[in-house]
Amino acid sequence: MKLSSLLERLEYTCLQGNVEQEIAAVVYDSRKVTPGCLFLCIRGAVVDGHKFAHEAAEKGATVLVVEESVNVPENVTVIQVADTRYAMAFISAAWFGYPAEKLKTIGITGTKGKTTTTYMVKSILENAGYKVGLIGTIEAIIGEKVIPAANTTPESYVIQEYFHEMVEAGCDCVVMEVSSQGLMLHRTQGFVFDFGIFTNIEPDHIGPNEHRDFEHYLSCKAMLLKQCRVGIVNRDDEHFDRIIEGHTCTLETYGFSPEADLRAADAKLVGGKGYLGISYHVKGLMDFPVEIDIPGKFSIYNSLTAIAICRHFQVSEENIIKALKVAKVKGRIEMVKVSDEFTLMIDYAHNAMALESLLTTLREYHPHRLVCLFGCGGNRSKLRRYEMGEVSGRLADLTIITSDNPRNEEPQAIIDDIKVGMAKTDGKYVEIPDRKEAIAYAIHHGEPGDIIILAGKGHEDYQEIKGKKYPMDERVLIADILAGR
């Protein structure tokens, strides 16, 4: 492809060379430079790609895209832009033939609910006959191909590559999670989302290499409403007015608020043997009853978000009702049938805020006992351990403290930190460092009417110890325990 075609939607200055040459590849990692490629000098949190400009030229890169002038041979074309990350998004889109223009694109941002909502949208649209690609925290799904995720929102080049593969696989649309980091680093530039969804916002991801404060976090997330045609926003969020400030899209709202365009009413908890769910009535832009097999008020928000999106795809009420009844997300309040007497579920809650929200939700179902099994990751903040211990001690009837991903720490040291938080409460606990033994204890000591939650691992199918990942899927552990293995 000609360099001029790759740059056609960008403002740039050609510092040396010419823009009419052919490009063999687009590369942003200096280790992957090949002869005839275009190399983007990206400033990362740790490494600045400009330092590798000369090395890239020596390896055969014929074009460098930079933010500052670099000293390279005259036969190398140097293109200067204001921001190479921003430029990479547009160059990548052009390289893959602007695949987003051949798909309906749905981007979902927010502190909570992104993952569950993407799978609900996928379930509803596929039930209505669409072929749907997905990009998110757990995985990317392209037709029959499943790619485990490294980031919630991949680099712009990878997003465009996935979009291209989705078009090739015959997908009509794509639903993807859009993180604040992804927006801040321009990973979702180079195209305009058909639908941009804002689920909610609470303080999170604030710290070194993330966001300096809540204001910055909110402003990054709100960028989505300037990168989409139709914006769909939770009307109940206390920061609603700030979220929509400066939006450039057509705006729609959902929630419980009478001001919302699509509303949830008559919410009721639903429970049975080994089953928890919720029902409500959709009002406003649509009118029908919904029941879902996922507990809690946030499940109403997640499903209502999905309905607000799928309404634009002319999906029938019947298809929406049917699809929501069977929508499941691995590791997000995922119920695993082990007994008719009590309920057991797996959830990714791995910080105090998520654990408190989860346990508070499950308390509303008035269990005989609420049993919470969890551990904390090694080489992470001790504060998280104290806080999670305190939350579980306060809200659970029994806490089973075990191991998560100890990484380079001793599991017992992490457990001891969790107990510091537990000590601030009157909560009962047992400590069982081996996670399989801990799960076996929970199952074998389950009492009628209990709700048992295995928290922290969620969709993960490994345990990280001393720099190595060992296979460990809680679903497999449960099956082994039930089979007596």
Side-chain angles (χ1 to χ4, degrees), residues 1-99 135 140 147-165 179-191 208-210 220 467-469:
M1 185 180 279
K2 268 204 166 62
L3 175 58
S4 56
S5 299
L6 293 177
L7 301 172
E8 64 188 4
R9 297 188 186 181
L10 277 173
E11 287 185 18
Y12 65 91
T13 305
C14 184
L15 298 181
Q16 67 181 53
N18 74 87
V19 297
E20 293 310 314
Q21 60 189 289
E22 289 290 328
I23 301 298
V26 172
V27 178
Y28 58 96
D29 181 338
S30 61
R31 294 165 296 186
K32 296 179 180 174
V33 168
T34 53
C37 79
L38 174 152
F39 176 64
L40 289 133
C41 298
I42 303 291
R43 293 188 202 279
V46 181
V47 179
D48 184 351
H50 290 80
K51 289 180 180 172
F52 301 101
H54 200 272
E55 180 191 319
E58 283 183 339
K59 283 183 178 176
T62 50
V63 177
L64 300 178
V65 179
V66 300
E67 292 174 15
E68 61 192 45
S69 60
V70 288
N71 186 21
V72 291
E74 286 179 9
N75 64 332
V76 177
T77 296
V78 180
I79 302 294
Q80 186 176 27
V81 295
D83 187 318
T84 49
R85 280 192 175 278
Y86 183 85
M88 178 161 76
F90 284 87
I91 289 169
S92 300
W95 177 253
F96 288 106
Y98 301 107
I135 302 173
I147 307 156
N151 303 94
T152 295
T153 307
E155 287 290 0
S156 57
Y157 181 91
V158 178
I159 289 174
Q160 295 297 334
E161 187 175 25
Y162 286 170
F163 284 178
H164 172 69
E165 287 184 27
S179 66
S180 55
Q181 286 277 304
L183 287 158
M184 180 175 77
L185 299 173
H186 305 306
R187 290 173 183 165
T188 55
Q189 285 288 357
F191 70 101
N209 297 333
E210 291 196 277
C220 285
K468 191 174 173 188
K469 288 184 177 179

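Here the structure is a predicted model, which is why all the values come from computation and not from measurement.
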Checklist entry - Angle class for the F191/F163 ring planes (parallel below 30°, perpendicular above 60°, tilted otherwise)? => result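 Plane angle over 60°, so perpendicular.
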Next on the checklist: Check the orientation of Y86 and H186. Use parallel for under 30°, tilted for 30 to 60°, and perpendicular for over 60°.
Outcome noted: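 It falls in the perpendicular class, over 60°.
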Within-4.5 Å side-chain heavy-atom neighbours: [X] and [Y]:
{"X": "I79", "Y": "L10", "value": "no"}
{"X": "F52", "Y": "V33", "value": "no"}
{"X": "P154", "Y": "I135", "value": "yes"}

Next on the checklist: List the residues meeting side chain to side chain donor-acceptor pair (under 3.5 Å) with N151, not counting sequence neighbours, and say none if there are none.
Outcome noted: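 With sequence neighbours excluded, N151 shows a side chain to side chain donor-acceptor pair (under 3.5 Å) to no residue whatsoever.
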Checklist entry - Mind checking what makes side chain to side chain donor-acceptor pair (under 3.5 Å) contact with T77, not counting sequence neighbours? => result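 Once residues adjacent in sequence are excluded, the partners of T77 under the side chain to side chain donor-acceptor pair (under 3.5 Å) criterion are Q21.
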Distance check, rounded to the nearest 0.5 Å: [X] atom [atom1] versus [Y] atom [atom2]?
{"X": "R187", "Y": "R85", "atom1": "CZ", "atom2": "CZ", "result": "6.0 Å"}
{"X": "E165", "Y": "I147", "atom1": "CD", "atom2": "CD1", "result": "5.5 Å"}
{"X": "K32", "Y": "K59", "atom1": "NZ", "atom2": "NZ", "result": "11.5 Å"}
{"X": "S5", "Y": "I91", "atom1": "OG", "atom2": "CD1", "result": "12.0 Å"}
{"X": "L183", "Y": "T153", "atom1": "CG", "atom2": "OG1", "result": "7.0 Å"}
{"X": "H164", "Y": "S92", "atom1": "NE2", "atom2": "OG", "result": "13.0 Å"}

Over 12 foreign heavy atoms within 6.0 Å of [atom1], [X]:
{"X": "E22", "atom1": "CD", "answer": "yes"}
{"X": "E74", "atom1": "CD", "answer": "no"}
{"X": "N71", "atom1": "CG", "answer": "no"}

Can you give each donor-acceptor pair under 3.5 Å made by side-chain atoms of residues 37-44, sequence neighbours left out, with the distance rounded to 0.1 Å?
from : atom 1 : to  : atom 2 : distance (Å)
R43  : NE     : E67 : OE1    : 2.9
R43  : NH1    : D48 : OD2    : 2.7
R43  : NH2    : E68 : OE1    : 2.7

Can you name the closest pair of heavy atoms from [X] and [Y] and give their distance?
{"X": "L64", "Y": "A61", "answer": "CD2-CB, 4.3 Å"}
{"X": "V26", "Y": "L6", "answer": "CG2-CD1, 4.3 Å"}
{"X": "A94", "Y": "M1", "answer": "O-CE, 3.2 Å"}
{"X": "P99", "Y": "A93", "answer": "CD-O, 3.8 Å"}

Item to check | Steps toward side chain to side chain contact (heavy atoms under 4.5 Å, CB included) verdict (Q16, V72) | outcome: CA-CA 10 Å; Q16 67 181 53; V72 291; 3.9 Å; yes
Item to check | Derivation and outcome, side chain to side chain contact (heavy atoms under 4.5 Å, CB included), residues Y28 and V158 | outcome: CA-CA 11 Å; Y28 58 96; V158 178; 3.6 Å; yes
